[in-house]
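So you know, we letter chains A, B, ... as the sequences are listed, proteins then strands, and number each from 1.
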Protein chains: 2
Amino acid sequence: MPTTTPRDRYREQVRTEAKSIAWEQIGASGASGLSLNAIAKQMGVSGPALYRYFAGRDELMTELISDAYTDIAAALRAAAVREKDDRKRPAAVANGLRTWAKRNPHRYLLVWGTPVPGYEAPQTTTDAARKAMAVLLETFAALDVAKGRDALQDDALSGEWAPGTSPRTRRRALAFWTRVHGFVSLEICGHFNGMGFDPDALFAAEVGTLHEV
Amino acid sequence: MPTTTPRDRYREQVRTEAKSIAWEQIGASGASGLSLNAIAKQMGVSGPALYRYFAGRDELMTELISDAYTDIAAALRAAAVREKDDRKRPAAVANGLRTWAKRNPHRYLLVWGTPVPGYEAPQTTTDAARKAMAVLLETFAALDVAKGRDALQDDALSGEWAPGTSPRTRRRALAFWTRVHGFVSLEICGHFNGMGFDPDALFAAEVGTLHEV
DNA sequence: AAGCTTCTGTTAGAGGTTCTAACAACAGTG
DNA sequence: CACTGTTGTTAGAACCTCTAACAGAAGCTT
């Protein structure tokens with residue numbers, strides 16, 4: 001039984017506050033602008049004090065990424081359970097992910113953008129990844145009526161990421177992930193800017209094609 | 001007539017060498033590990049000397065990104081002209097982009113990954129972006145037989161990025177870009193690792209769906 | 001050829017970062 | 001009350017970007 005002493009609670013509070021300020025900084029100047037020193041200063045504490053709470057910049061970063069991953073998984077789950085109609089659920093999840101990403105672009109990019117050098121995915125992150133994938137797999141499994149075979153070899157997309165799923169479900173889940181990610185990452189990185197087309201229309205069209213795959 | 005003096009040539013040579021070392025460093029430790037100082041040291045020259053050649057770290061980074069963008073556009077063009085069969089050209093271009101990205105993951109991510117803070121796209125980058133998009137638009141325009149209307153509003157995807165193209169061509173070019181980017185960026189960031197499915201099979205399947213859109 | 005100008009390199013230094021080491025002060029426990 | 005462990009402090013090493021002031025070489029002009 002992990003009894004939490006006052007010291008433990010204080011420690012956790014400091015860590016939480018530091019992480020919150022860290023997100024502010026990342027939002028302002030990107031992941032590369034994250035400075036343990038600046039966080040300490042903003043907390044009214046002097047530089048190396050934070051090293052009592054985080055082994056270093058990398059550990060803080062790793063924890064931020066891990067938290068973000070957990071958030072994404074939760075957002076996906078929430079979007080999925082909110083939509084009762086199996087047929088409409090894929091679109092709902094897609095919209096949920098896009099909305100979350102637009103609200104938390106830096107969090108999203110920390111998880112699925114350019115990897116940060118010193119980061120080693122801990123167990124909790126792997127778990128969150130599995131949970132996120134599970135939402136997609138369940139979403140498409142609900143639509144799984146026997147409808148003939150996929151064009152692919154049945155086992156080409158199998159693997160430990162999706163045990164006990166049908167080939168079509170795996171195919172759809174992966175199409176969902178890669179397509180939605182492609183759109184969302186380009187959108188939040190601003191690569192659609194200045195092109196002049198309507199992103200909403202493109203997204204809606206792409207989501208529509210998920211039924212066909 | 002811009003006559004190139006020996007000094008100009010020397011200057012250009014130094015800049016080129018610096019950029020080449022910069023790519024090495026980025027390959028080794030990511031974009032955040034790029035250090036003007038370290039480049040200088042490796043060139044056998046002392047720290048601030050490089051500031052005669054680049055206004056600062058941001059300018060060097062901007063030039064690297066711009067060069068990478070130009071490279072991507074060239075790779076797309078090369079893949080397109082290599083395939084004579086109009087019907088097979090989309091797949092050829094997709095494979096060309098994926099291959100280039102796997103060979104130059106950092107270059108790819110600098111262009112289409114998480115944006116780096118101090119970067120402001122110069123004119124040359126915008127031009128390269130247009131050229132890259134032009135390859136996609138031409139590739140799909142070649143398949144443009146009158147085949148009924150798109151499900152979308154005809155003008156929803158129009159804009160200055162694609163003047164004088166059909167709605168279907170625009171739709172396909174954007175689907176190509178977002179889908180291939182989604183797959184490629186996840187793949188080179190290592191997000192498929194440990195999942196256990198066959199990336200080649202998924203990519204082939206996704207490329208196959210481009211005909212249907 | 002001589003002199004002037006421009007460019008290129010140097011060192012010094014300010015201010016930022018991460019992170020370690022040594023030390024002081026506090027909280028909680030026997 | 002004393003002891004232990006935690007938390008904060010400052011000092012400092014090693015890195016970074018970037019500016020300033022200066023030395024020397026290269027090229028152009030007269």
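- Taking atom CG of A:L34 as the reference point, atom C1' of C:dG16 lies 15 Å away to the nearest angstrom.
- Distance CG (B:L50) to C1' (C:dT8): 12 Å, rounded to an integer number of Å.
- Distance OH (B:Y53) to P (D:dT17): 18 Å, rounded to an integer number of Å.
- Within 4.0 Å (heavy atoms only), A:Y10 reaches sugar-phosphate atoms of the nucleic acid but no base atom.
- Checked by atom type and distance alone, the side chain of B:R15 pairs as donor or acceptor with a backbone atom of B:Y53 at under 3.5 Å.
- Looking only at distances, a side-chain donor or acceptor of A:R172 sits under 3.5 Å from a matching main-chain atom of A:V213.
- Heavy-atom minimum distance, B:D198 versus A:L157: O-CD2, 3.8 Å.
- In this structure, B:N37 places its CG atom 8 Å from C1' of D:dT17, rounding to the nearest Å.
- Rounded to a whole Å, the CE atom of A:M61 is 11 Å from the P atom of C:dC19.
- Ion pairing of B:R77 with B:E138 is present here, as a side-chain N (NZ or NE/NH1/NH2) and a carboxylate O approach within less than 4.0 Å.
- Between B:S35 and D:dC15, a side-chain N or O to OP1/OP2 separation shorter than 4.0 Å is absent.
- Checking B:G56 against A:S46, the closest nucleotide of DNA chain D that is more toward the 5' end is the one next to A:S46.
- Atoms CG (B:L36) and C1' (D:dC15) sit 14 Å apart, rounded to a whole Å.
- Remark: side-chain polar atoms of A:T62 are paired, donor with acceptor, to backbone N or O of A:D58 under 3.5 angstrom.
- A heavy atom lying under 4.0 Å from DNA chain D marks none of the residues of residues 12-32 of chain B.
- Within the 3.5 Å criterion, the main-chain N or O of A:Q25 finds a donor-acceptor partner in the side chain of A:S29.
- Between A:Y69 and A:W112, the ring-plane angle classifies as perpendicular under the 30° and 60° cut-offs.
- Here D:dT17 is the nucleotide among D:dT17, C:dC19, C:dT10 with the atom lying nearest to any side-chain atom of B:R57.
- Rounded to whole Å, atom P of C:dG16 lies 6 Å from atom NZ of A:K41.
- B:W177 and A:F192 have perpendicular rings, their planes meeting at more than 60° on a 0 to 90° scale where under 30° would count as parallel.
- Between the side chain of A:R98 and the backbone N or O of A:V184 there is no donor-acceptor pair closer than 3.5 Å.
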Atom pairs under 3.5 Å, N or O on each side, protein against nucleotides 19-29 of chain D: can you list them with distances?
| residue | atom | partner | partner atom | Å |
| --- | --- | --- | --- | --- |
| D:dA26 | N3 | B:R7 | NH2 | 3.4 |

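- Atom CD of A:E59 is separated from atom P of C:dT20 by 12 Å (rounded to the nearest Å).
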